[in-house]
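Report on one structure; see the data block that follows.
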Amino acid sequence: MGANGMASPCSWVVLSVGETDRPGQNRRMAQNFFDAPAAEPAVRDAESDRERFDRAVSPLRPGLHAHCYRMLGSVHDADDALQEALLRAWKGLDRFEGRSLLRTWLYTVATRACLDAAKARGRRALPIDLGPASIEPAAQAVPKTEIAWLTPYPDPADTAQRTEHIELAFVAALQLLSGNERAALLLVDVLGFPAADAATAMGATTTSMHSALARARRAVADRQVSPDRPAQPHPSTSDRALAQRFAAALATSDLQAFVDLLAPDVTWQMPPLAEWYAGSDAVAAFAHAVPMTLCPSWRTRIISANGQAAVAFYVGEHGDGPHQAWSLTVLDIADNAISSITSFLDPTLFPHFALPEAE
């Protein structure tokens, strides 16, 4: 069975505008603020209030979406949270008095929407967080659909919209924190908010925000990831080349070429499967027993996800036939070796990466 339960060829599964007491005046003043100067006067006159709002918000959307993803660990949840946040912002436009920057206000609204979503949906996880590594290759693993799994994040095609600090290991570490701890770390250490603004965004006191921030920093440091580490907005040429060699080794069942790419302490996890493997010997044994043996034919595309080199895998019954979307595999690479492999066995993710569902 495939990850989605369907049969598959594989047998494994800003500016101040002031304050007023006159009803409706805040909205008119806020709307004037939202009149981005780039638009011609005739265009502004023809636009509706909502169109002016959407135009002013548009440049901030990529960063807001990435913030929602970091908070919630799911590209699906980020879509929902951003939609909810912008709806709240539009409905609450009367309350935007211009005392803060538009960016600060929108991130405040988005953070609160994410905190509400986190309470309702719980934390996202990866297999490595749920139990010990598997000893033997699991050729008949069953998807754990009751678990809310972490998902990868698509890198924007527009280089100017690329967002830092979305590395998979960092986002996974964030999911081990409480909602307030996540918000504090992201607002202060990633987005650079002053402590008072971060506390306001969280609906908390400055003292409690500082306490949450200290706990979050300790927990993330224990996972050997840091928001202060220079983030790569896209994978390097050498990382993409290594990903190409990884994809080719699996597609051609070249076990030695595959092993040559691995760090000794490499891990491989495959949500929604709970089983995962640690060490180059165990990872190589799984690769030989399952994808190289049980899956007849592969086609691959080199992509990027979470600012890292990644591979989209399609599986088919034979080389000349159709190949269906199978997994998105994100690679952690250090010292020109693969230190972590995370394969998301979820074809519904492919449209988020502008990938076809079949090759």
Side-chain angles (χ1 to χ4, degrees), residues 1-13 73-76 124-153 167-169 171-172 175 243 246-247 249-251 253 255 258-259 261-263 265-296 298-301 303 305-306 308-315 323-333 338-350 352-353 355:
M1 301 292 287
N4 59 359
M6 303 298 290
S8 86
C10 303
S11 61
W12 62 300
V13 271
S74 162
V75 67
H76 304 297
R124 294 278 170 169
L126 285 176
I128 201 169
D129 299 317
L130 303 179
S134 299
I135 305 301
E136 299 292 335
Q140 300 294 333
V142 177
K144 302 293 184 182
T145 56
E146 71 278 10
I147 296 172
W149 297 105
L150 192 76
T151 78
Y153 192 74
E167 298 94 334
L168 197 60
V171 176
Q175 305 312 302
F246 168 86
L250 278 176
S253 300
L255 185 60
F258 178 82
V259 170
L261 302 174
L262 306 178
D265 58 351
V266 63
T267 62
W268 195 352
Q269 46 190 337
M270 292 150 280
L273 307 182
E275 292 79 7
W276 62 283
Y277 305 91
S280 57
D281 289 344
V283 166
F286 173 79
H288 179 262
V290 181
M292 291 184 179
T293 300
L294 301 181
C295 301
W298 294 104
R299 289 180 186 169
T300 63
R301 290 192 182 194
I303 60 171
N306 296 81
Q308 300 167 232
V311 184
F313 282 96
Y314 296 81
V315 67
H323 287 61
Q324 302 300 317
W326 179 252
S327 75
L328 295 176
T329 294
V330 183
L331 304 176
D332 282 317
I333 299 172
I338 298 173
S339 58
S340 175
I341 307 166
T342 307
S343 297
F344 296 91
L345 311 184
D346 183 359
T348 68
L349 291 169
F350 276 58
H352 284 277
F353 288 77
L355 291 168

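For Q324, the side-chain hydrogen bond (donor to acceptor under 3.5 Å, both in side chains) test picks out no residue, with sequence neighbours left out. With sequence neighbours excluded, the residues forming a side-chain hydrogen bond (donor to acceptor under 3.5 Å, both in side chains) with S343 are W268, T329, listed by chain and number. In this structure A325 satisfies the side-chain contact (heavy atoms from CB on, under 4.5 Å) test together with Y314, P347, F350, sequence neighbours excluded. Here A243 pairs with I302, A309, V311, L331 under the side-chain contact (heavy atoms from CB on, under 4.5 Å) rule; sequence neighbours left out.
Using modelled atom types, one side-chain atom of S253 and one backbone atom of M292 make a donor-acceptor pair closer than 3.5 Å. The closest donor-acceptor contact from the side chain of T293 to the backbone of H288 lies under 3.5 Å. For N306 (side chain) and Y153 (main-chain N/O), a donor-acceptor pair under 3.5 Å exists by modelled atom type.
When all heavy atoms of A289 and L294 are compared, the closest pair comes out as O-CG, 3.6 Å. When all heavy atoms of Q308 and V330 are compared, the pair lying nearest together is NE2-CG1, 3.6 Å. Nearest heavy atom pair, residue L250 against residue A287, reads CD2-CB, 4.3 Å.
With rounding to the nearest 0.5 angstrom, the NE2 atom of H323 is 4.5 Å from the CZ atom of R299.
Inter-residue side-chain proximity for W149 and S74 is flagged as unmet; no heavy-atom pair is nearer than 4.5 Å. In this structure, the side chains of C295 and F313 stay at 4.5 Å or more apart for every pair of heavy atoms. Residues H76 and L349 are in side-chain contact: their nearest non-hydrogen atoms beyond the backbone lie under 4.5 Å apart. Looking only at side-chain heavy atoms (C-beta outward), S327 and F344 stay at 4.5 Å or farther from each other. Looking only at side-chain heavy atoms (C-beta outward), L262 and I341 come within less than 4.5 Å of each other.
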Can you give me every donor-acceptor pair (side chain of residues 269-284, partner residue at least two apart or in another chain, under 3.5 Å) with its distance?
residue : atom : partner : partner atom : Å
Q269    : OE1  : I128    : N            : 3.0
W276    : NE1  : G131    : O            : 2.8
W276    : NE1  : P132    : O            : 3.3
Y277    : OH   : A138    : N            : 2.9

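Within the structure, every pair that satisfies the side-chain hydrogen bond (donor to acceptor under 3.5 Å, both in side chains) test and touches residues 127-137, not counting sequence neighbours, is listed here: D129-R223.
Atom CG of L130 is surrounded by more than 12 heavy atoms from other residues, nucleotides or ligands within 6.0 Å.
Across T342, V171, V75, a single residue satisfies side-chain contact (heavy atoms from CB on, under 4.5 Å) together with L150, and that is V171.
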field: Full working for side-chain contact (heavy atoms from CB on, under 4.5 Å) between D346 and L328
entry: CA-CA 8 Å; D346 183 359; L328 295 176; over 6 Å; no
